[in-house]
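All values derive from a computational prediction rather than experimental measurement.
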Amino acid sequence: MRFLKFWTIALCLCCGMVIAVHNAKHDITLAQSATEKYEPTEVEKLKLQLAQKDAQLAQQQFNYAQQSLNVAITAFRNQSNAIVKAHGWPDDVEADYNTLEFALRPKPGAKSPEPAKKP
């Protein structure tokens with residue numbers, strides 16, 4: 001029985017040492033790769049810069065389009081509010097942007113009507 005305990009302890013110590021050595025080698029490899037530089041060729045770098053400029057330009061165009069959309073939506077709301085006032089409709093009436101139909105705006109927290117059940 002003592003012999004079995006001895007070999008069990010010896011085996012555990014050996015496994016621990018193997019794991020420690022493996023981790024140490026792995027840490028050294030990570031440290032080496034962290035200091036290693038990865039440089040593209042000059043042509044690759046120029047292509048990457050061009051792609052970066054294209055992306056930046058697209059971002060600027062997107063921002064401009066977003067601003068234009070916001071201005072257009074505000075103009076739509078102002079126009080629909082003017083129509084509501086001209087007809088003397090309640091202030092809760094608003095126009096639907098997609099259908100151009102006017103309807104009462106649902107009150108906050110109110111449940112939407114459930115669809116009719118088919119018999």
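Counted within 6.0 Å of CG on Asp54, heavy atoms from surrounding residues, nucleotides or ligands total more than 12; the atom is thus considered enclosed. Heavy-atom neighbours of Arg77 CZ from other residues, nucleotides or ligands within 6.0 Å: at or below the threshold of 12.
Here the closest heavy-atom approach between residue Asn98 and residue Asp96 is recorded as N-OD1, 2.7 Å.
In the hydrophobic cluster analysis, where Ile, Leu, Val, Met, Phe, Trp and Tyr join through side-chain heavy atoms closer than 4.5 angstrom, Ile83 is grouped together with Val93. Hydrophobic cluster membership is shared by Leu104 and Phe102, with clusters built from Ile, Leu, Val, Met, Phe, Trp and Tyr side chains linked at under 4.5 angstrom. Under a hydrophobic-cluster definition in which Ile, Leu, Val, Met, Phe, Trp and Tyr are linked whenever side-chain heavy atoms come within less than 4.5 Å, directly or via other members, Leu48 and Val43 are assigned to different clusters.
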Verdict with supporting geometry, Leu57 and Lys53, side chain to side chain contact (heavy atoms under 4.5 Å, CB included): CA-CA 6 Å; Leu57 180 61; Lys53 295 295 181 191; over 6 Å; no

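The shortest distance between side-chain heavy atoms of Gln49 and Leu46 falls below 4.5 Å.
One distance of note links OH of Tyr64 with CG of Leu69; it measures 12.0 Å at 0.5 Å rounding.
Looking at Asn63 and Gln59, their side chains do bring a donor and an acceptor atom within 3.5 Å of each other.
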